[in-house]
2 protein chains.
Amino acid sequence: MAKISIDDMAGFCKKKGFIFPNSEIYGGMAGFFDYGHLGSELKKNIKDSWWKYHVQDREDVIGIDGTIITHPKVWVASGHVESFLDIMLECTKCGEKIRADTFIEEKLKIAADGIKADAINSLIDDNNLVCPKCSSDFKKAEDFNLMFEIQVGPKKDSESMAYLRPETAQLMFTDFKLVYDSARAKLPFGIAQMGRAFRNEISPRNFLFRCREFEQMEIEYFIHPDKVQECPYIKEMLDYEFLVYSASMQDNKKPAGMMKLKDALKNKIIKTKWHAYWLSVEHKWFCDLGVNPKNLRIRQHLKEEKSHYALDTWDLEYNFPFGWKELQGMANRTDFDLRQHIKHSKKDLSIFDQETNKKVIPYVVAEPSLGVDRSFLVFMFDAYTTRKDEKGNEVVVLKLNPKIAPVKVGVFPLVNKLEEKAREVFDLLKKEFTCIFDRSGSIGRRYARADESGIPYCVTIDFDTLNDKQVTIRDRDTAKQKRVKIEELIGELKKLI
Amino acid sequence: MAKISIDDMAGFCKKKGFIFPNSEIYGGMAGFFDYGHLGSELKKNIKDSWWKYHVQDREDVIGIDGTIITHPKVWVASGHVESFLDIMLECTKCGEKIRADTFIEEKLKIAADGIKADAINSLIDDNNLVCPKCSSDFKKAEDFNLMFEIQVGPKKDSESMAYLRPETAQLMFTDFKLVYDSARAKLPFGIAQMGRAFRNEISPRNFLFRCREFEQMEIEYFIHPDKVQECPYIKEMLDYEFLVYSASMQDNKKPAGMMKLKDALKNKIIKTKWHAYWLSVEHKWFCDLGVNPKNLRIRQHLKEEKSHYALDTWDLEYNFPFGWKELQGMANRTDFDLRQHIKHSKKDLSIFDQETNKKVIPYVVAEPSLGVDRSFLVFMFDAYTTRKDEKGNEVVVLKLNPKIAPVKVGVFPLVNKLEEKAREVFDLLKKEFTCIFDRSGSIGRRYARADESGIPYCVTIDFDTLNDKQVTIRDRDTAKQKRVKIEELIGELKKLI
């Protein structure tokens, strides 16, 4: 479990070059963050790993990469124009505007996610809640659409109005037929996309957790509507085990429990094989990249939480310092989205199923949808540890999995005299791994800096190297050292990384 | 040279799943395109290759990944609010709005890039130019700022107004000090960024060439202001040769000529070593990925073309079917941007130079700045070839360099009976390469489809495979075939790719 608060994590990320507040020299912008030299590499590794696992390594998932500014009708059809709302409270006196549900949750310690404006107004009245800034009364709560509007082209009128996408997902539906035809796809198959999305949050909070600009990695997985229980891949995952927190456990105040996938299916806790399959696949992605399974759970949405389109929704959650929070929602969206786009575009988006000789509108049985920035936070919190150095000071060791670590190897000459030899080793390694060369400060200082940066292995060149052609590999997590021949160094490191 | 028009290329890209018009089912949006299953992989390979070549393989360039929505003061300081303009013509009768410079260029066959509104009005009057749609007169030409405005947060007022970044570049300046400190950088060094940028073009045109939403790969390269001629890397590139088109060649109507970098420097055609170095490095990136050097040239900006901040600017250009066009501009920006941000933010962005013991404001000596989408077009046009098939029909062979080809290997069973064996080979290869499995249609059809998709190597499993454990590798570019043992297949393909 992470031993650091979210604010301290933000400070650590800034100091080490993982994350900076955007436009800081101009006072910053709430809800916008830039990734620094280590952060941009870690983020890229997370995205590359997601794409490889979900798209390149699978025959049944294909990728797209669409635009951020999208046609307004897309969001009318999807329901976002009507329903993608938060409820806003505005102070009658100072004009402060805050998000109602999180305000209510903080003040009254009750769950308020998805609560309507009327209910908010009653709670405000019943509990005499006032503006946190100036203690005056609020106006009546009102709906606030979270989509950013934009005018496209030189004519400023209602016809030129478009939106920044609030999710990457809808493009998989609007491009569905084009993708299906050009990729010669066959059911079941998924369409994946990574990219930025934007939500005009009333009060962005918790560092990277709730930003106005963020990045998503999403799949819409399409199946034949009659084949919800026919998942050809389920066998691979039946013995997979994870922490499960069903709606009935929550209703009956029972704790979440470790459960095998096959038992969750047998006991009808997870209703469809496809849904169960994708939940386990998504859980496994995090664990394969080093996240402690004890910090992850799958939680079923309660009746009142469910989205307007979904038959059944589960969240993959992580145990953040500020509580268990959603990483991704996975909904069985049925044919809701495709039908909406058929209705609004008047285009035929059904496909011809060769096996049954019928035209069908596929079901989206699962929508693995993950925030890149939230994943980034998960990997950072899960990797963050401290140890005492020789002087008794607490120092940070960032135990990022070598697969996603921004820098794989640090190369250090023990003293500056050895720089030439160390450069030779560096030049050898940099063809294979992302490396840094560091000659500044004592070797202990350099190890400590490498530990803070999450560099899994350091290679040190000392005076013996000149004679025995061996170097020392130091392991970040154990601080153990090992002598290796230079000629065997690449092979040795490849085994480790 | 490409044998296809830009419109036919757009059609080919749509059919094969490289590029779709965005929101096509809703009538589309001019200047917005989505990348399909092959396009998204090709684009990812281009970006990954750029990042590896420019950031990961270099010690002196570090990456960032910042936000798209940015603080308005950033763009005041950069000069974009005042100067990032196109001139717009509006019809008095039908209200049609068009971009003046390209309209003038088309009608009068003169260069009009950067021309001012007054000059446009004179040209319109002198040549009796009228609306291309309804032949009525234009209103007076007026400036149109190309930045998209956006309201951030729940308060809609002038203070909440921000911009979508029109380039990724400014974030390297606003984050300069944070990056410098956290990465412990030393001059000379560069800050690199890839990502979306947005320009509200009056008339988007030429498919991917001029879009409203596009992607950039940019570096700001900082040096000590006194060391413009001290480039430690220049030696590596002195014998590099490229097609050079200087301002004086253009002024004197002389043709561009092949020239070695050292000669361009000796003859003071390129003024600074740093600038020369980066021009050659950028040129080489394209050529390393298979682009024919005859289709690339570096062209110096004429006096009247130069940006407000630049001492000397060169464009890297490609010979598109619609003429030589800019791929990237490379300007010596001096300390213009950092000084602007110092002035507007009132923050000290100077750094302490250890060598000279002085505080300095670094110079940006070169700004390698490249459009991902334009690069995508370059690789497509350069790779696009045709050949006659057995029946005499013209078929497309997309000769993409294996390093960036979206799919590296196609695996085909000669007949369906051999599918099991072919699957074994596929499972073996897919751990190492992006592969597709195709069992549909004659083997000739499958080869043709692979050629159109730019798949460099196809592996076919035939009846002999069952006995001799060998398969056939077919080379896309020569259509030559070769038998290889399955156990040697991965090694053989690795050599080729």
Side-chain angles (χ1 to χ4, degrees), chain A residues 14-17 20 22-26 29-30 32-37 39-41 43-44 51 56-57 59 62-71 73-74 88 97 144 148-155 162 171 174-175 178-179 182-183 196 198 200 202 212-213 341 345 347 430 434 437, chain B residues 14-17 20 22-26 29-30 32-37 39-41 43-44 51 56-57 59 62-71 73-74 88 97 144 148-155 162 171 174-175 178-179 182-183 196 198 200 202 212-213 341 345 347 430 434 437:
Chain A
K14 183 176 168 188
K15 186 185 99 185
K16 292 301 293 180
F20 309 129
N22 175 264
S23 306
E24 197 194 41
I25 62 171
Y26 293 109
M29 300 244 291
F32 295 91
F33 294 93
D34 296 345
Y35 287 72
H37 73 293
S40 59
E41 293 293 337
K43 186 183 182 189
K44 186 172 191 308
W51 195 255
Q56 293 172 336
D57 285 354
E59 270 185 274
I62 46 194
I64 64 168
D65 185 4
T67 60
I68 287 167
I69 293 181
T70 34
H71 201 288
K73 285 190 184 161
V74 173
M88 186 168 67
K97 290 174 185 182
F144 176 74
F148 284 103
E149 291 178 9
I150 200 139
Q151 295 281 333
V152 176
K155 303 179 193 182
L171 278 76
T174 57
D175 289 347
L178 288 164
V179 173
S182 64
R196 298 282 168 101
F198 297 81
N200 196 6
I202 297 168
R212 285 172 169 154
E213 176 170 345
H341 288 294
S345 70
K347 297 282 190 304
K430 79 174 184 190
T434 320
F437 189 88
Chain B
K14 183 177 168 187
K15 186 185 101 185
K16 292 301 294 181
F20 310 129
N22 175 263
S23 306
E24 198 194 41
I25 62 171
Y26 293 109
M29 300 244 293
F32 295 92
F33 293 94
D34 295 346
Y35 286 72
H37 73 293
S40 58
E41 293 292 338
K43 186 184 183 191
K44 186 172 191 310
W51 195 255
Q56 292 172 336
D57 285 354
E59 270 184 275
I62 45 193
I64 63 167
D65 185 3
T67 60
I68 287 168
I69 294 180
T70 34
H71 200 288
K73 285 190 184 161
V74 174
M88 186 169 66
K97 289 174 185 181
F144 177 75
F148 284 103
E149 291 177 9
I150 200 140
Q151 295 281 335
V152 175
K155 302 180 194 180
L171 278 77
T174 56
D175 289 347
L178 288 164
V179 172
S182 64
R196 298 283 169 99
F198 298 80
N200 195 6
I202 298 168
R212 284 173 169 153
E213 177 170 344
H341 287 295
S345 71
K347 296 283 191 302
K430 78 174 185 191
T434 320
F437 189 88

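We name chains A, B, ... by the order of the sequence lines, and we start the count at 1 in each one.
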Chain A interface, residue from [options] that has the most non-hydrogen pairs under 4.5 Å:
options                               : value
B:Val74, B:Asp57, B:Leu178            : B:Leu178
B:Ile62, B:Leu171, B:Ile202, B:Asp175 : B:Asp175
B:Glu149, B:Lys44, B:Glu213, B:Met88  : B:Glu213

Closer than 3.5 angstrom, by distance alone: can the side chain of [X] be matched with the main-chain N or O of [Y] as a donor-acceptor pair?
X       : Y        : answer
A:Thr67 : B:Phe32  : no
B:Glu59 : A:Phe437 : no
B:Asp34 : A:Asp65  : no

Inset, instruction - Please determine which of B:His37, B:Lys16, B:Lys14 meets the side chain to side chain contact (heavy atoms under 4.5 Å, CB included) test together with A:Ser182. - result: B:His37
Inset, instruction - Please list, chain by chain and in numerical order, all residues satisfying side chain to side chain contact (heavy atoms under 4.5 Å, CB included) with B:Lys430, sequence neighbours excluded. - result: B:Phe426, B:Asp427, B:Cys435
Would you indicate whether the side-chain heavy atoms of [Y] and [X] approach each other to under 4.5 Å?
X        : Y        : value
A:Glu41  : B:Gln56  : yes
B:Tyr26  : A:His341 : yes
B:Asn22  : A:Thr174 : no
B:Ile68  : A:Arg196 : yes
A:Ile150 : B:Phe198 : no

Inset, instruction - Counting only heavy atoms closer than 4.5 Å, note whether B:Lys15 contacts chain A via side chain, backbone, both or neither. - result: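 The answer is the backbone of B:Lys15.
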Legend entry - Heavy-atom proximity to chain A below 4.5 Å, by part of B:Phe33: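 Backbone only.
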Legend entry - Option that, when pairs with chain B are counted at under 4.5 Å, heavy atom only, ranks first among A:Gly17, A:Gly36, A:Pro154, A:Ser23: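 The answer is A:Pro154.
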Which heavy atom of [X] sits nearest to which heavy atom of [Y], and what is that distance?
X        : Y        : value
A:Gly153 : B:Phe144 : O-CZ, 4.1 Å
A:Lys347 : B:Ile25  : NZ-O, 3.5 Å
A:Met29  : B:Thr70  : CE-C, 3.8 Å

Legend entry - Contacts of A:His71 that satisfy side-chain hydrogen bond (donor to acceptor under 3.5 Å, both in side chains) - sequence neighbours left out: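 Partners of A:His71 under the side-chain hydrogen bond (donor to acceptor under 3.5 Å, both in side chains) test: none.
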Legend entry - Part of A:Ala30 within contact of chain B (heavy atom distance under 4.5 Å):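 It is neither, since no heavy atom gets under 4.5 Å.
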Inset, instruction - Any chance you could lay out the side chain to side chain contact (heavy atoms under 4.5 Å, CB included) test for B:Phe148 and A:Val152, step after step, and finish with the verdict? - result: CA-CA 8 Å; B:Phe148 284 103; A:Val152 176; 4.1 Å; yes
